[in-house]
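Working notes, beginning with the structure itself.
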Amino acid sequence: MPELFHVKPPGEILQVGESRLHVLAEGDGPVVVLCGGLAGNWFDWDDCARHLQSDHTVVRFDRPGFGLSEPSSDVPTVRGEAQRIRDVLDTLGLTGPAVVVGHSIAGFYAEGFARLFPDRAAGMLLLDSSAEKEPKRLFPRDLLLIASRAAAASFSTTGLQRLLGTTTRKILNQSVPPSGSSEATLEWVRKIYREPHYLEAAMIEYVAYTDMALELTALRRSSKHPLPDIDLSVVAAHTGHTTPWSIAWMAKQQKLATYLGGSFHVLRPAHHHAMIDQPEELANLIRRLTQPNPRE
């Protein structure tokens, strides 16, 4: 693999299926997989992982095109990302059940993993997860893919991505770690958000959203893929400021928890990337799913 950056990757670059992925596995104990949302990177979970790794095996990985993983021309699907989670675990030799945490769009992937590979799911936590009751496709996907790839190439070649990459991060991710962002994290942000393949991967995952919502809806309606009998939690992020949007979002997350038969929790104050704002509180909620009798 060509060296992407001058800084040594904190994890390993592993061959996982047909992709070379940046993977971190730390600690010892029950296995927890932390899956980031749209365009998520491993460092978004740094503090949460630190709180868990004293008594858990914590697995993080960058999906193709994000973080330090090589890009791919494939368009993501729920089934494909669920398979990727299993393949990462298999590559690490972690073949037993795992608790999977899915943030935002990765809530689709976590639920897909539980439905498609029930024997590998020990529990599930959906963090401020994407949720669609009746998803509808408004425009042809192929047209959107062409437009997205062209837009990404244009932003890259004109220098706009390099100029605005870190600013875009600040606008889209307003979360701040309790102890502040480390200089190492800031350096990774400066490097990764300026990579042409990162922007393209983010736009392609965004375009794939509706199709993946439809795919997950089909899985839910299929008698072949019921949710296994596992403990699961839906965790919503709340900034602490009540607005019409926040009221609607809390209701949507509560309905998701009820539909899936899971518990419902709120992290506040927290923005959408609540694992950055409230890493210890989130780690404690994850830990409940790995305890011997979490339902009691």
Side-chain angles (χ1 to χ4, degrees), residues 7 9-11 22 24-62 66-68 99-107 110 123-130 165-193 233-243 245-246 249-250 253 263-291 294:
V7 184
H22 177 233
L24 293 86
E26 303 161 303
D28 186 43
V31 179
V32 175
V33 184
L34 304 177
C35 300
L38 177 69
N41 302 288
W42 85 91
F43 49 74
D44 295 329
W45 297 95
D46 275 352
D47 287 344
C48 183
R50 198 170 296 119
H51 285 294
L52 286 169
Q53 64 191 39
S54 62
D55 54 355
H56 293 78
T57 299
V58 184
V59 176
R60 294 176 279 167
F61 65 93
D62 297 321
F66 303 137
L68 300 181
V99 169
V100 178
V101 180
H103 170 241
S104 194
I105 197 173
M124 179 174 71
L125 187 146
L126 306 182
L127 175 61
D128 227 34
S129 177
S130 300
T166 55
T167 301
T168 302
R169 158 87 178 186
K170 292 177 182 177
I171 294 172
L172 297 179
N173 184 346
Q174 300 177 23
S175 297
V176 179
S179 58
S181 297
S182 68
E183 184 55 41
T185 296
L186 294 175
E187 179 64 19
W188 283 120
V189 169
R190 285 190 288 269
K191 292 178 180 295
I192 291 170
Y193 276 72
S233 298
V234 173
V235 180
H238 195 296
T239 62
H241 302 289
T242 300
T243 65
W245 186 91
S246 70
W249 183 251
M250 289 299 111
Q253 295 292 297
S263 60
F264 179 65
H265 309 271
V266 178
L267 289 177
R268 62 164 63 87
H271 295 87
H272 181 52
H273 291 76
M275 65 283 209
I276 298 177
D277 290 312
Q278 298 284 1
E280 185 173 8
E281 288 76 4
L282 177 59
N284 289 336
L285 290 173
I286 295 171
R287 189 169 278 111
R288 291 187 187 186
L289 299 178
T290 64
Q291 294 173 348

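Everything quoted here is computed from the prediction, not taken from an experiment.
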Quiz item: From S181 OG over to E187 CD, what is the distance, rounded to the nearest 0.5 angstrom?
Solution: 13.0 Å
Practice problem: State, to 0.1 Å, how close D62 and G67 come at their nearest heavy-atom pair, and which atoms those are. | Solution: OD2-CA, 3.3 Å
Quiz item: Under the side chain to side chain contact (heavy atoms under 4.5 Å, CB included) test, which residues partner A237, sequence neighbours left out?
Solution: D128, A270, A274
Quiz item: Can you name the residues that form a side chain to side chain donor-acceptor pair (under 3.5 Å) with H273, not counting sequence neighbours?
Solution: none
Quiz item: When rounded to the nearest 0.5 angstrom, what distance separates CD1 in I192 from CG in L68?
Solution: 5.0 Å
Exercise. Check Q253 against S129 and note the closest heavy-atom contact, atom names and distance.
Key: NE2-O, 2.9 Å
Exercise. Mind checking ring pair (Phe, Tyr, Trp, His ring centres under 6.0 Å) for F43 and listing every partner two or more places apart, or none if nothing turns up?
Key: none
Quiz item: Looking at residues at least two apart in the chain, or sitting in another chain, which of them share a ring pair (Phe, Tyr, Trp, His ring centres under 6.0 Å) with W42?
Solution: H22, W188
Practice problem: With sequence neighbours left out, write down each residue that passes ring pair (Phe, Tyr, Trp, His ring centres under 6.0 Å) with H56, or none if nothing qualifies. | Solution: none
Practice problem: For the residue pair V99 and P30, establish whether any side-chain heavy-atom pair is separated by less than 4.5 Å. | Solution: no
Self-check item: side chain to side chain contact (heavy atoms under 4.5 Å, CB included) partners of V266, counting only residues at least two apart
Solution: H238, M250, F264, R268
Quiz item: Can you check whether W45 reaches L52 side chain to side chain, under 4.5 Å on heavy atoms?
Solution: no
Practice problem: State whether the number of non-hydrogen atoms from other residues, nucleotides or ligands found under 6.0 Å of D28 atom CG is greater than 12. | Solution: no
Exercise. Return each pair, listed once, that meets salt bridge (Lys or Arg N to Asp or Glu O under 4.0 Å) where at least one residue sits in residues 42-58; pairs must be two or more places apart or across chains.
Key: D44-R169, D46-R60, D47-R50, D55-R287
Practice problem: Please identify each residue that fulfils side chain to side chain donor-acceptor pair (under 3.5 Å) with H265, with sequence neighbours left out. | Solution: S263
Quiz item: Roughly how far apart are L34 CG and H103 NE2, rounded to 0.5 Å?
Solution: 12.0 Å
Quiz prompt | T185: side chain to side chain donor-acceptor pair (under 3.5 Å) partners, not counting sequence neighbours | solution = S182
Quiz prompt | Distance in Å, D277 CG paired with L267 CG, rounded so as to fall on 0.5 Å steps | solution = 9.0 Å
Self-check item: Any side-chain donor near an acceptor of the partner, H272 and S104, under 3.5 Å
Solution: yes
Practice problem: Check side chain to side chain contact (heavy atoms under 4.5 Å, CB included) between A106 and all other residues, then give those that pass, not counting sequence neighbours. | Solution: C35, R63, Y109
Quiz item: What is the distance from atom CG of L282 to atom CG of L125, rounded to the nearest 0.5 Å?
Solution: 6.0 Å
Quiz item: What pair of heavy atoms forms the shortest contact from S233 to L289, and how long is it?
Solution: OG-CD2, 3.8 Å
Quiz item: P269 versus Q278: any side-chain heavy-atom pair under 4.5 Å?
Solution: yes
Exercise. Work out which heavy atom in V58 is nearest to a heavy atom in A49; give both atom names and the distance.
Key: CG1-CB, 3.9 Å
Practice problem: Using the test side chain to side chain donor-acceptor pair (under 3.5 Å), find all partners of S130 that sit at least two apart in sequence or belong to another chain. | Solution: none
Practice problem: State the CG-OH distance between N41 and Y193, to the nearest 0.5 angstrom. | Solution: 5.0 Å
Quiz item: Is any side-chain heavy atom of P178 less than 4.5 Å from a side-chain heavy atom of P279?
Solution: yes
